Amino acid sequence: MEKHPIPHDISQNELFFHVCTDGRTNGMVHTCDADYRQSIVISAISAYLTGVKILCFCHMSSHSHFVIRCRTVAQAHNFSISFKRDYARYMYIGHGMSMVYRGVNAKPHEITDLYYLRNCISYVLLNPVVACIVSRPEDYGWSSFNAYFGGDTSDNGAVPLSSMSVREIRTTLCTRHDLKHSGFVVDNQKNLLARSFVDFKSVESIFGSRTDFFRSLLMTKSASEEDKYVEVRLKYSDDELLAEAVNMAAAKFNVRQLSELTKEQKRLIAVHLKKKSHVSVSRIARVLRMKAFELRFLKN
């Protein structure tokens, strides 16, 4: 297929990059809804502080994808570093997990033509569909899919941060940064709205119309794009391990959430997961939201 330069009105003096926190072989980094929400907040803040514009994002259980635009390569690297550092700090404070994103490569990959840009955006937004989490990308709550072409209807009762005090902002978004002039908006549930920080206008210009946007999704070569970022295919995904743990918790201990289990019950589930999957102790610990030393009786 013929490739074309990125349109002048989009790319004037700007660069485009795909950033992926390639952590799919290192275990879960999002273990509950609160983690996904804070990941979105940290994404927005990292972009705001580094002068980067996020065109799209998708947060999965073990990694995150972004397509960004900026003026320098250094900005792209600074965004990647800022996101990994601040999210790792959140996970350490909130869950006691000290190894999140350590050693994970998140080098920005430059996007040089319109074909690649469209395919990359579509690939990122299709991640939860390819992973069989949802059947339609608009049903996934942790991506920017619904920010485009009027798809986001969740702004009823929206509150701009500019109308809140600095203390309210810091409490609402769990951040120490002054975001008074960021332009961010939260809904009536205090969730950060993607349309307030995602550069949806550029994405709409890149695709031209809602019809062409969906046509691009249908034509996306997800497999070839995936090969650029994942060299090792896991026999058991984190989602599969988590589902197995939840099913065992319900069947054996009559509880629906892992948070209701005692440490001893989690250890029994850990033994089961180890025997079935033969994955590392660190991955099992992350899935069960435990510390690795608590499962030291298991062999790697």
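In this text, all values refer to a predicted model and were calculated from it rather than measured experimentally.
Put simply, the residue from Ser39, Ser62, Ser61 that forms a side chain to side chain donor-acceptor pair (under 3.5 Å) with His30 is Ser39.
A 4.5 Å side-chain heavy-atom check between Leu179 and Arg170 finds every atom pair outside the cut-off. Counting heavy atoms from C-beta on, the side chains of Arg267 and Leu288 never come closer than 4.5 Å. Residues Ile68 and Phe57 form no side-chain contact, since every pair of their non-hydrogen atoms from C-beta on lies 4.5 Å or further apart. Looking at heavy atoms from C-beta onward, Asp199 lies in side-chain contact with Lys201 at the 4.5 angstrom threshold. Using a 4.5 Å cut-off on side-chain heavy atoms (C-beta onward), Arg69 and Val52 make no contact.
Checked against the 6.0 Å centroid threshold, Phe214 and Tyr148 do not count as a close aromatic pair. Between His109 and Tyr116, a ring centre-to-centre spacing not shorter than 6.0 Å is recorded.
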**Asked** Going through the distances and angles, do Ser216 and Ser122 end up as a side chain to side chain donor-acceptor pair (under 3.5 Å)?
**Response** CA-CA 7 Å; Ser216 178; Ser122 300; 2.9 Å; yes

**Item:** Check against side chain to side chain donor-acceptor pair (under 3.5 Å), Glu110 and His18
**Value:** CA-CA 6 Å; Glu110 187 174 0; His18 180 192; over 6 Å; no

**Prompt:** Where do Tyr140 and Met60 land on the side-chain contact (heavy atoms from CB on, under 4.5 Å) test, with the steps shown first?
**Reply:** CA-CA 10 Å; Tyr140 191 68; Met60 303 290 284; 3.8 Å; yes

**Audit row: Val19, His65, side-chain contact (heavy atoms from CB on, under 4.5 Å) steps and yes/no** = CA-CA 6 Å; Val19 178; His65 283 282; over 6 Å; no

**Request:** Evaluate salt bridge (Lys or Arg N to Asp or Glu O under 4.0 Å) for Lys263 paired with Glu294, printing each intermediate quantity in order.
**Result:** CA-CA 9 Å; Lys263 284 189 177 181; Glu294 294 177 310; 2.7 Å; yes

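A 6.0 Å sphere centred on OH of Tyr92 holds no more than 12 heavy atoms belonging to other residues, nucleotides or ligands. Counted within 6.0 Å of NZ on Lys53, heavy atoms from surrounding residues, nucleotides or ligands total 12 or fewer; the atom is thus considered open.
Looking at every heavy atom in both residues, Val124 comes nearest to Val67 through CG2-CG2, 4.0 Å. For the residue pair Phe207 and Asp212, the shortest heavy atom distance occurs at O-CB, 3.2 Å. In this structure, Leu273 and Leu241 approach most closely via the heavy-atom pair CD2-O, 3.9 Å. Taking all atoms of both residues into account, the shortest heavy-atom contact from Phe200 to Ala147 is CB-O, 3.5 Å.
Cluster membership for Phe297 and Ile284, using ILVMFWY side-chain heavy atoms within less than 4.5 angstrom, is shared.
Listed for the Thr172 side chain is a donor-acceptor partner under 3.5 Å among the backbone atoms of Glu168. In this structure a side-chain-to-backbone donor-acceptor pair under 3.5 Å is present from Glu204 to Phe149. Gln75 places no side-chain N or O within 3.5 Å of a backbone atom of Cys70 that could act as its donor or acceptor partner.
Of the N and O atoms on the side chains of His59 and Ser43, at least one donor lies less than 3.5 Å from an acceptor on the other residue. In summary, the side chains of His181 and Ser162 do not present any donor paired with an acceptor at a separation below 3.5 Å, with no hydrogens or angles considered. Remark: the Asp35 side chain and the Thr31 side chain contain an N/O donor-acceptor pair separated by less than 3.5 Å.
Under the 30°/60° scheme for interplanar angles, the aromatic rings of Phe79 and Phe83 are found to lie parallel.
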